[in-house]
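Numbers here simply count residues along the sequence, with the first being 1. Read the numbers this way: they start at 1 and go in the same order the structure lists the ligands and their atoms.
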Amino acid sequence: MDNSIFKSLTLGVTFKKRKLDKDPVKAKIEVFKEDSDPEIVDSSTSIKKKRKKLSEEYLRCKNLEETNKLCKKHHINVKGCVEKVKPVESFQELFDRFPLNLQLVDNIKNFKYETPTPVQMQVLPLFLEGKSLKVVAPTGSGKTLAFVAPLIQNLLDDRKLASDESNQIESIILVPTRELASQILSVTTRLCYETGIRAHIITSTNDDHMKNFHKKKTNILISTPLKLVHFIKSNAMKLNQVKWIIIDEVDKLFEESNHGFKEDLDQILAACSNEKRKFALFSATTNKEMTPFVHENLKEFATVNISPNIPTSSVEQELKYVGMESAKLLAVREIFREGVSPPVLIFVQSKDRAKQLFSELMFDGLNIDIIHSDRSQKEREEVYKKFREGRIWVLICTELMSRGIDFRDVMMVVNFDLPTSVYSYIHRVGRCGRGNKTGKAITFYTNDDKKGILRDIAKLVEKSGSHVEGFLLQLKKSTKKERLALLKKAPKRKNISNKIVVNKRKSKTWKKNLKKKINEDDD
Ligand SMILES: Nc1ncnc2c1ncn2[C@@H]1O[C@H](COP(=O)(O)OP(=O)(O)OP(=O)(O)O)[C@@H](O)[C@H]1O
């Protein structure tokens with residue numbers, strides 16, 4: 001604050017000796033409190049102007065103090081902001097602070113959420129201020145609403161300037177799977193209701209679908225990267241008016257194993273040529289692979305971190321030793337024998353293992369089904385719908401269902417096979433304990449798993465507040481080479497089968513020895 005203002009305003013005022021508050025914000029507030037003493041009578045208009053400036057400065061600092069308190073309370077860490085934006089503590093505060101479209105306000109209210117989650121508290125106001133964002137927040141913490149609601153408002157605000165009913169694609173939302181695209185479309189459609197903003201998804205890339213796409217009024221386009229590249233190549237609609245590029249589960253798209261995503265992304269960015277375009281990136285985990293993209297494309301962006309890269313604390317996690325592969329079937333049956341509260345998701349590391357496990361458990365009288373990439377999109381959507389509606393209680397799935405998929409009421413996740421990365425572990429476990437619910441996750445591990453990332457996962461389990469056996473934390477930490485190898489190729493595991501797989505060669509010697517033993521006994 002400029003000293004001359006301070007001197008003129010404090011003319012003749014004597015300050016009691018006091019120790020300066022360590023916190024500069026508090027110290028400023030103390031000073032403002034003293035000099036706003038009504039006894040100081042200002043005589044000239046210039047002092048009035050200075051006083052106004054001072055009180056604005058006071059409010060700013062007051063705001064800053066409240067902002068710091070809220071961020072500390074909700075473990076919200078914001079970087080890259082010139083000016084911190086105070087989180088909203090309630091949806092009503094959001095509606096009071098920002099002149100939102102009244103229909104959008106109603107659409108948000110119709111979700112009947114009592115209070116905003118921490119990520120919504122901070123991202124809603126930041127996004128509404130038009131900032132590019134990189135957001136890392138726990139699984140199931142409501143990131144979808146945090147980006148869709150302000151996106152709609154921002155497009156409507158631009159609309160007021162353009163004052164026309166635009167049939168331009170003004171925003172794209174990129175996601176790693178079709179299922180997640182459909183899920184985000186349903187949330188977006190509810191929030192867009194009667195606002196004049198339309199959202200659509202690219203479901204297929206056949207020529208007819210592409211040719212007729214322009215007939216649908218689309219302002220928000222939701223798609224996987226591959227389908228969007230087809231869409232661009234078919235010239236279905238122009239993307240040069242795109243103002244917002246949103247990427248959900250962003251680290252998944254940049255993962256080493258996601259071959260070709262970077263090339264797809266280059267084509268997408270070339271098509272979204274609006275130089276005023278902004279980005280908003282979301283995930284529960286972040287990795288180094290996305291850093292070059294972030295620094296190259298996000299200008300003056302804010303980073304919001306809320307408990308990044310650890311499993312959500314709303315899930316009680318257990319690491320269960322099962323000895324060897326063949327014991328897993330018994331262990332999973334044991335879980336059901338002891339009783340579970342459905343719905344339950346069981347993750348395995350490949351579609352073949354999913355089929356093997358399904359063929360074993362389908363005769364156990366469980367209300368069970370299976371989902372994997374060999375099933376047609378129609379079958380997958382059918383299973384997905386039945387599981388959501390509670391007509392299936394146990395669903396065997398692969399990594400396909402590990403990211404973003406919101407089964408709001410899943411009570412339990414069983415990792416039948418140890419995940420091949422800590423990120424996969426965080427997202428699988430995060431399929432339960434969503435919204436303000438709690439959940440339970442049980443992860444099997446065998447003697448062979450000790451050589452992999454078991455210790456890294458154990459560390460995460462401990463960090464997120466669940467109990468871990470001490471010896472697991474003593475295991476050797478995985479090397480970068482081991483982690484990359486696991487990402488490239490899941491460990492070989494024996495087939496899942498109840499039948500005792502007789503080893504032909506061994507059984508011959510076993511029979512011969514048995515015969516010899518019987519003859520010896522007879523003699
Ligand atoms: N403020 C809120 N209060 C209660 N529930 C909420 C709130 N916001 C969202 N939810 C619910 O929480 C669940 C998870 O929301 P969402 O899928 O957006 O989480 P996410 O952070 O995107 O999760 P993931 O990281 O797994 O993608 C949804 O069922 C949603 O309806």
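- The closest side-chain heavy-atom distance from Met411 to Val340 is not below 4.5 Å.
- Closest to atom 19 (O) of ligand 1, if we only count protein heavy atoms, is Gly142 N, 3.1 Å.
- Between Phe127 and Trp244, the distance from one ring center to the other falls under 6.0 angstrom.
- Residue-ligand proximity, Thr144 to ligand 1, at heavy-atom distances under 4.0 Å covers atoms 16 (P), 17 (O), 18 (O), 22 (O).
- Here the rule is side chain to side chain contact (heavy atoms under 4.5 Å, CB included) with Tyr384, and of Arg388, Arg380, Lys386 only Arg388 fits it.
- Of all protein heavy atoms, the one lying nearest to atom 17 (O) of ligand 1 is Arg434 NH2, 2.9 Å.
- Taking every non-hydrogen atom of Thr115 and a distance limit under 4.0 Å, the qualifying atoms of ligand 1 come out as 1 (N), 2 (C), 3 (N).
- Here the protein heavy atom with the shortest distance to atom 11 (C) of ligand 1 is Arg408 NH1, 3.1 Å.
- Residues Arg428 and Asn415 bring a donor and an acceptor atom of their side chains to less than 3.5 Å of each other.
- Ion pairing between a basic and an acidic side chain is recognised when a charged N comes within 4.0 Å of a carboxylate O; Lys385 and Glu389 show such pairing.
- At a 4.0 Å heavy-atom cut-off, ligand 1 does not touch Glu114 at all.
- Protein heavy atom at the shortest distance from atom 28 (C) of ligand 1 is Asp406 OD2, 3.2 Å.
- Under a 4.0 Å heavy-atom criterion, Gly430 is not in contact with ligand 1.
- Side chains of Glu179 and Gln183: no donor on one and acceptor on the other come within 3.5 Å.
- Thr438 and Glu316 share no side-chain donor-acceptor pair at under 3.5 Å.
- Contact check on Asp248 versus Lys143 returns no salt bridge, with no Lys/Arg side-chain nitrogen under 4.0 Å from an Asp/Glu carboxylate oxygen.
- Close approach to Ser141 involves these atoms of ligand 1, each under 4.0 Å from a residue heavy atom: 19 (O), 20 (P), 21 (O).
- When heavy-atom distances to ligand 1 are checked against a 4.0 Å cut-off, Glu249 comes that close only through its side chain, counted from C-beta outward.
- Shown in contact with Asn436 at under 4.0 Å from a heavy atom are these atoms of ligand 1, numbered in order with element: 3 (N), 4 (C).
- Listed by atom number, the atoms of ligand 1 under 4.0 Å from Arg431 heavy atoms are 26 (O).
- Close approach to Tyr113 involves these atoms of ligand 1, each under 4.0 Å from a residue heavy atom: 1 (N), 2 (C), 3 (N), 4 (C), 5 (N), 6 (C), 7 (C), 8 (N), 9 (C), 10 (N), 11 (C), 30 (C), 31 (O).
- The side chain to side chain contact (heavy atoms under 4.5 Å, CB included) test with Ile392 is passed by exactly one of Ile370, Ile371, Asp369: Asp369.
- Classified by interplanar angle (parallel below 30°, tilted 30° to 60°, perpendicular above 60°), the ring pair Phe279/Phe293 is perpendicular.
- For His209 and Phe213, the distance between ring centers is under 6.0 angstrom.
- No N or O atom of Ala284 sits closer than 3.5 Å to an N or O atom of ligand 1.
- The shortest contact between atom 21 (O) of ligand 1 and any protein heavy atom is with Lys143 NZ, 2.8 Å.
- At a heavy-atom cutoff of 4.0 Å, ligand 1 is contacted by the side chain of Gln120 but not by its backbone.
- With ring centers used as reference points, Tyr445 lies under 6.0 Å from Tyr321.
- An N or O contact shorter than 3.5 Å is missing between Ala137 and ligand 1 by distance.
- Distance from atom 23 (O) of ligand 1 to its nearest protein heavy atom, with residue and atom name: Gly140 N, 2.8 Å.
- Contact annotation: for Pro138 versus ligand 1, heavy atoms closer than 4.0 Å belong to the backbone alone.
- Protein heavy atom closest to atom 12 (O) of ligand 1, with residue, atom name and distance, is Gly435 CA, 3.1 Å.
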